[in-house]
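First the structure, in the form of structure tokens, and then the observations on it.
In this chain, numbering begins with 1 at the start of the sequence shown.
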Amino acid sequence: MAAGLAALLDDIAAIARIAAASVDDISAAAGRAGVKAAGVVVDDAAVTPRYVTGFDPTRELPIIKKIGLGSLRNKLLFIVPAALLLSQFAPWLLTPILMAGGTYLSFEGAHKVLEWLGVGHHDAAHDEPVVEQGPEQEKKMVAGAIRTDFILSAEIMVIALNEVADEPLFNRAIILLVVAIGITLLIYGVVALIVKMDDVGLHLAAREQEGLQRFGRFLVKAMPVILRMLSIVGVVAMLWVGGHILLVGMDELGFHPVYDFVHHAEGVVAGWVPSMAGGLTWLTNTFFSAILGLTVGLVVVGILKLVPRRSKDEHADTTGHADAAH
């Protein structure tokens, strides 16, 4: 009996060691996947604050919470299950789906660039603070932020999935869940910190210490500029991420000329300053990705301009005439 008990304890210890090793493997794989997706995390953190500007200060954190919960819902209910199913049964569909998202991001970025240039339709009402436009506009901005986050989150999760593609299905699921929750908390924690920094400045400016007062006033003055810069970075990031998705996707689907050109340009630039080859290569890829994203986005904007669409007023008139005739 003692021998049987000892054997059982040995088996339990062996199972515990295997489980511990599995946890370590999953933790390490989740870390690798998170680091691999870090570039898109930066993009997401830069894009989101432009959807929060213009709100009443008391609404900023609740709005960030809404967007963050929407992002987590996107990942846990849609993106992670879909990515796992596709990677298991139809991995060839991941690239086309991702490219569709890249096209949408490119369109959004190009549309904003045209607004900056004063070209095309621009709704002057959107220049007013959201607090003056009413709750409906707030809902629209939150919905827009969650839609954009969906595309960025999809790329984050696909990048993470590619990093752990050799793991068993169960491990892949756990890793993606860890990455989804961790990255969402990171992104929206940073966004909350950014948009509330002016309140921190006001609090510091009211303190008795002169140094804290100066720093607080500096924060209050600097935050509007920082938020405007983040808004610009967010638009550029959409073009960059969207273009990079399309660049890599075309190469994976067998159309190599564009990526070959970018790869050749990377090699040329890297030779200029060998000690800075990594940074120059990244900047080159980012530049051409943004150019590709802007080009594709402008093409989509042009196509949509050619598609006949009735305005709301025309629709109302038509409905009114139909009701009168009835």
Side-chain donor-acceptor pairs of residues 174-184 under 3.5 Å, sequence neighbours excluded:
| unit_1 | atom_1 | unit_2 | atom_2 | d |
| --- | --- | --- | --- | --- |
| Thr184 | OG1 | Lys75 | NZ | 3.0 |
| Thr184 | OG1 | Ala180 | O | 2.7 |

> Got a sec, which residues hit side-chain contact (heavy atoms from CB on, under 4.5 Å) with Leu69, two or more places apart in sequence or on another chain?
Replying inline: Lys65
> Under a 4.5 Å cut-off applied to non-hydrogen side-chain atoms, are Met223 and Ile226 in contact?
Replying inline: yes
> Other than Val225, what residues sit in its cluster of Ile, Leu, Val, Met, Phe, Trp and Tyr side chains whose heavy atoms are under 4.5 Å apart, directly or through others?
Replying inline: Met229
> Out of curiosity, His263 NE2 to Thr281 OG1, how far, rounded to the nearest 0.5 Å?
Replying inline: 9.0 Å
> In terms of hydrophobic clustering (I, L, V, M, F, W, Y; side-chain heavy atoms under 4.5 Å; direct or indirect links), are Ile303 and Val113 co-clustered?
Replying inline: no
> Does the side chain of His264 come within less than 4.5 Å of Asp260's, by heavy atoms?
Replying inline: no
>> Tell me every residue that passes side-chain contact (heavy atoms from CB on, under 4.5 Å) with Val258, counting only those two or more places apart in sequence or in another chain.
In response: Leu247, Met250, Phe255
What pairs of donor and acceptor atoms, side-chain ones from residues 205-218 against any protein atom, are under 3.5 angstrom apart with sequence neighbours left out?
| unit_1 | atom_1 | unit_2 | atom_2 | d |
| --- | --- | --- | --- | --- |
| Glu210 | OE2 | Arg214 | NH1 | 2.9 |
| Gln213 | NE2 | Arg207 | O | 2.5 |

> Quick one: side-chain contact (heavy atoms from CB on, under 4.5 Å) partners of Thr295, sequence neighbours excluded?
Replying inline: Ile291
> Does any non-hydrogen side-chain atom of Ser71 lie less than 4.5 Å from one of Ile187?
Replying inline: no
> Remaining members of Val273's ILVMFWY cluster at a side-chain heavy-atom cut-off under 4.5 Å?
Replying inline: Val268, Val269, Trp272, Met276, Leu280
> Listed by chain and number, what are the side-chain contact (heavy atoms from CB on, under 4.5 Å) partners of Glu252, not counting sequence neighbours?
Replying inline: Thr95, Val248
> Is there a side-chain contact between Gln88 and Arg172, using heavy atoms and a 4.5 Å cut-off?
Replying inline: yes
>> Are Trp116 and Leu294 connected into the same hydrophobic cluster when the rule is that any two of I, L, V, M, F, W, Y join if their side-chain heavy atoms are below 4.5 Å apart?
In response: yes
> Between Leu246 and Ser106, what is the shortest heavy-atom contact and its length?
Replying inline: CD1-OG, 3.9 Å
> Listed by chain and number, what are the ring-ring contact (aromatic ring centres under 6.0 Å, His included) partners of Phe107, not counting sequence neighbours?
Replying inline: His111
> For the side chain to side chain contact (heavy atoms under 4.5 Å, CB included) test, which of Asn285, Thr286, Thr284 pairs with Trp282?
Replying inline: Thr286
> Listed by chain and number, what are the side-chain hydrogen bond (donor to acceptor under 3.5 Å, both in side chains) partners of His256, not counting sequence neighbours?
Replying inline: Asp251
>> Nearest 0.5 angstrom please: Leu93 CG to Leu86 CG, how far?
In response: 6.0 Å
> Does atom CH2 of Trp92 have more than 12 heavy-atom neighbours from other groups under 6.0 Å away?
Replying inline: no
> In Å and rounded to the nearest 0.5 Å, what is the CE to CD1 distance from Met141 to Ile63?
Replying inline: 9.5 Å
>> Restricting to non-hydrogen atoms, name the atom on Ile67 and the atom on Ala145 that form the minimum distance, rounded to 0.1 Å.
In response: CD1-CB, 3.7 Å
> Rounded to the nearest 0.5 Å, how far does CG of Leu84 lie from CE of Met157?
Replying inline: 8.5 Å
> How would you list, by chain and number, every residue that makes a ring-ring contact (aromatic ring centres under 6.0 Å, His included) with Phe261, sequence neighbours excluded?
Replying inline: Phe288
>> According to a hydrophobic-cluster definition based on side-chain heavy atoms being under 4.5 Å apart (Ile, Leu, Val, Met, Phe, Trp, Tyr only), do Leu239 and Leu304 belong together?
In response: yes
> Can you tell me how far OG of Ser153 sits from CD1 of Ile79, rounded to the nearest 0.5 angstrom?
Replying inline: 4.5 Å
>> Run Met99 and Leu253 through side chain to side chain contact (heavy atoms under 4.5 Å, CB included) and show every step you take.
In response: CA-CA 11 Å; Met99 290 180 70; Leu253 293 178; 3.6 Å; yes
> Are side-chain heavy atoms of Leu185 and Leu72 found at a separation under 4.5 Å?
Replying inline: no
> Which atom pair, heavy atoms only, marks the closest approach of Gly271 to Pro274?
Replying inline: O-CD, 4.0 Å
>> Using the rule that Ile, Leu, Val, Met, Phe, Trp and Tyr join whenever any side-chain heavy atoms are under 4.5 Å apart, tell me whether Phe78 and Leu94 fall into a single cluster.
In response: yes
> Roughly how far, to the nearest 0.5 Å, is the CG atom of Leu219 from the CG atom of Leu204?
Replying inline: 6.5 Å
> Looking only at heavy atoms, which two atoms of Leu292 and Gly243 are closest? And how far apart?
Replying inline: CD2-O, 3.5 Å
> Is there a chain of hydrophobic side chains (I, L, V, M, F, W, Y, each step under 4.5 Å between heavy atoms) that links Leu61 to Leu202?
Replying inline: no
> With ILVMFWY side chains joined below 4.5 Å, transitively, what does Leu85's cluster contain besides itself?
Replying inline: Phe89
